[in-house]
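Structure record follows, encoded as structure tokens.
Predicted model, so just to flag it, every value in this text is computed and none were measured.
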Amino acid sequence: MTTATPVKTQYEAVIGLETHCQLSTQTKIFSNSSTAFGATPNTHIDPICLGLPGVLPVLNQKVLEYAVKAGLALNCQIAPYSKFDRKQYFYPDLPKNYQISQFDLPIAEHGWVEISLYDKETGTATKKRIGVTRLHMEEDAGKLVHGGSDRLSGSTYSLVDYNRAGVPLIEIVSEPDLRTGREAAEYAQEIRRIVRYLGVSDGNMQEGSLRCDVNISVRPVGREEFGTKVEIKNMNSFSAIQKAIEFEIERQIEAIEAGERILQETRLWEEGAQRTISMRLKEGSSDYRYFPEPDLGPIEVPAQQLESWRSELPELPYQKRQRYESELGLSVYDARILTDDQTIAAYFEATVAANADPKQAANWIMGDISAHLNNNNSLSITDLPLKPTDLAELIGLIDSNTISNKIAKDVLPELLAQGGSPKALIEQKGLIQISDTGAIEEAIAAVIAAHPKELEMYRNGKTKMLGFFVGQVMKQTGGRADPKLTNQLLAKQLNS
């Protein structure tokens, strides 16, 4: 893609996302087969999810609860009356040749999601609300496995695994309020944060628990009418969403500038080639021949039940970010990082509740502790032997000048591996910070006496030698001298 920047600025993209989210129920949406991921192909199946003659689906009530809670968290209006429909299409991974979904009366509509776009250079964030058109329930299809290739083209045969058929989904459809690939990727990430906070989905994109279809068109800036929409199917990473959109924007602008017609089609993202390719012309909703599902009754959510589910909602990611900034005084960046994962946020809050300074707690969690977790991929913060109360105690020892920050970093690996009281460990190792003026002055005097050449260099104007003397005093005291007090006393003696 080689579109010149001045041409690009004459156009804007109009982007909407359809996000399919597998719900974390133990059984399928209309039957009692397991939803566990990774089982031997075609072992988690039954007559209902295969659509065999004479069987009747029954709605899993947990699916309804999870869908309503997701709708509430997305600020949607929950429908007092909704229904299921049959969506007719013919594909090998759809054993019934129709999908049970929701068409004109979905469970939730008219919501919004707030995204936050962080600017590293300014340290600020731009907030934007993205409308949510609807959220509806439906069943997933099976999975095609193409022999000899991971794509249909080039493969010699295809196999079908129906384990995924009937796994419960919610589909979240955004308004066309997104304008860039970065906005779309951030929106998708916020959806994942929300469903994870709710506990309704693990949001694991590698396992297909969260999949996004992108609808994108471009139009000249200032025109209200949309351009021809192109759909990019099954985006399974946030970077792919952003890159595919950026590529497609440039492709469509180049086509328009060349006088070519944009086709309403479905395209695929090729990760290796970093491009979108045409898959098929796009079907309209009329092609699916929707009609009400005759085997399932309508859905009515009683007001009392709705309020009960509403009361069970946790504090959501955007609410936590706002609270961390306004009440705890954290930066936009810190609040964003800490709230990305609910378990990290819970660990942080427990540390602060144990009287740790919020900023210091944030620094330790985002720094050394996160590095430890990254180096041990199978480890979650909830598995750490170092409990939030232990971290709060460690921070308190630094604040009280009992130990230096360096000593804290030196003992942290042992605390992360074994846990326990930081104070007890420091006392056991004899690492309590020396804050006695006399003891530090004695160590300084010994260091100065042992380094007359360096003293002369310092007094001849090489003031950078102060760092050398600080290091020597630390060595003399086993790293236990109070750094601030050491610097003050050293400067006084060196200049006397």
Side-chain angles (χ1 to χ4, degrees), residues 18 20-71 79 81-108 134-146 157-172 200-202 207-211 234 283 285-302 305:
E18 298 172 8
H20 295 82
C21 178
Q22 285 186 358
L23 299 178
S24 297
T25 57
Q26 293 183 351
T27 55
K28 295 186 177 181
I29 186 170
F30 301 122
S31 69
N32 61 3
S33 286
S34 172
T35 58
F37 178 80
T40 302
N42 298 311
T43 55
H44 291 172
I45 57 176
D46 58 75
I48 293 174
C49 66
L50 293 179
L52 299 183
V55 298
L56 291 173
V58 177
L59 177 61
N60 182 336
Q61 278 207 299
K62 207 67 178 176
V63 172
L64 177 60
E65 176 188 339
Y66 283 2
V68 169
K69 285 182 175 178
Y81 179 97
S82 65
K83 64 179 176 66
F84 283 102
D85 301 276
R86 287 191 182 181
K87 179 181 180 181
Q88 315 284 334
Y89 66 96
F90 305 97
Y91 208 63
D93 62 2
L94 195 69
K96 298 193 293 280
N97 284 330
Y98 65 85
Q99 178 190 34
I100 300 178
S101 182
Q102 291 189 293
F103 180 46
D104 56 330
L105 294 176
I107 190 65
R134 58 184 281 150
L135 177 152
H136 65 259
M137 299 174 285
E138 62 185 21
E139 60 180 341
D140 209 342
K143 182 180 180 181
L144 283 173
V145 180
H146 304 300
Y157 63 92
S158 295
L159 304 174
V160 188
D161 179 5
Y162 288 124
N163 281 348
R164 200 173 67 183
V167 168
L169 294 176
I170 53 173
E171 180 174 347
I172 301 162
V200 304
S201 175
D202 61 22
E207 295 180 359
S209 298
L210 192 77
R211 313 187 292 273
N234 292 334
E283 302 95 336
S285 61
S286 59
D287 297 323
Y288 292 122
R289 295 180 291 118
Y290 283 98
F291 66 84
E293 169 56 60
D295 292 334
L296 289 164
I299 302 162
E300 296 184 3
V301 181
Q305 181 63 77

Exercise for the section: Check N163, V167, D140 against T35 for a side-chain contact (heavy atoms from CB on, under 4.5 Å) and give me the one that passes. Expected result: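 Going through the options one by one, the only one that passes is V167.
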Problem - Trace of the side-chain contact (heavy atoms from CB on, under 4.5 Å) decision for L169 with R211 - result: CA-CA 10 Å; L169 294 176; R211 313 187 292 273; 4.1 Å; yes
Distance, nearest 0.5 Å, that separates [atom1] of [X] from [atom2] of [Y]:
{"X": "L159", "Y": "D93", "atom1": "CG", "atom2": "CG", "result": "13.0 Å"}
{"X": "I29", "Y": "Y66", "atom1": "CD1", "atom2": "OH", "result": "13.5 Å"}
{"X": "C21", "Y": "E171", "atom1": "SG", "atom2": "CD", "result": "11.5 Å"}
{"X": "I170", "Y": "E138", "atom1": "CD1", "atom2": "CD", "result": "10.0 Å"}
{"X": "L64", "Y": "T25", "atom1": "CG", "atom2": "OG1", "result": "12.5 Å"}
{"X": "Q99", "Y": "Y290", "atom1": "CD", "atom2": "OH", "result": "7.5 Å"}

Measure from the side-chain N and O atoms of [X] to the backbone N and O of [Y], and report whether any donor-acceptor pair falls under 3.5 Å.
{"X": "N42", "Y": "Y162", "value": "yes"}
{"X": "R134", "Y": "D104", "value": "no"}
{"X": "R164", "Y": "A141", "value": "yes"}
{"X": "S201", "Y": "Q22", "value": "yes"}
{"X": "K28", "Y": "E139", "value": "no"}
{"X": "Q102", "Y": "K83", "value": "yes"}

Exercise for the section: List for me each residue that meets side-chain contact (heavy atoms from CB on, under 4.5 Å) alongside D46, sequence neighbours excluded, and say none if there are none. Expected result: S31, S33, I48, C49
Looking only at non-hydrogen atoms, find the nearest pair between [X] and [Y] and report the distance.
{"X": "S82", "Y": "A79", "answer": "CB-CB, 4.3 Å"}
{"X": "P57", "Y": "L296", "answer": "O-CD2, 3.5 Å"}
{"X": "V68", "Y": "I107", "answer": "CG2-CG1, 4.1 Å"}
{"X": "L135", "Y": "G71", "answer": "CD1-N, 3.9 Å"}
{"X": "P41", "Y": "D161", "answer": "CA-OD1, 3.4 Å"}

Problem - side-chain contact (heavy atoms from CB on, under 4.5 Å) between L94 and K87, intermediate numbers included - result: CA-CA 11 Å; L94 195 69; K87 179 181 180 181; over 6 Å; no
Exercise for the section: I would like to know whether M137 and I299 meet side-chain contact (heavy atoms from CB on, under 4.5 Å); could you show each step before the answer? Expected result: CA-CA 11 Å; M137 299 174 285; I299 302 162; 3.6 Å; yes
Exercise for the section: Under the side-chain contact (heavy atoms from CB on, under 4.5 Å) rule, what do D85 and H136 come out as? Steps first, then yes or no, please. Expected result: CA-CA 11 Å; D85 301 276; H136 65 259; over 6 Å; no
Exercise for the section: For atom NZ of K96, decide whether the heavy atoms of other residues, nucleotides or ligands shown that lie under 6.0 angstrom number more than 12. Expected result: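 Atom NZ in K96 is packed in, count exceeds 12.
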Handout entry: Crowding at CD, Q26 (>12 non-hydrogen neighbours, <6.0 Å)
Key =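 No, because the 6.0 Å sphere around CD of Q26 holds 12 heavy atoms or fewer from other groups.
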Exercise for the section: Could I get the full list of ring pair (Phe, Tyr, Trp, His ring centres under 6.0 Å) partners for F30, not counting sequence neighbours? Expected result: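 With neighbours one apart ignored, the set is F84.
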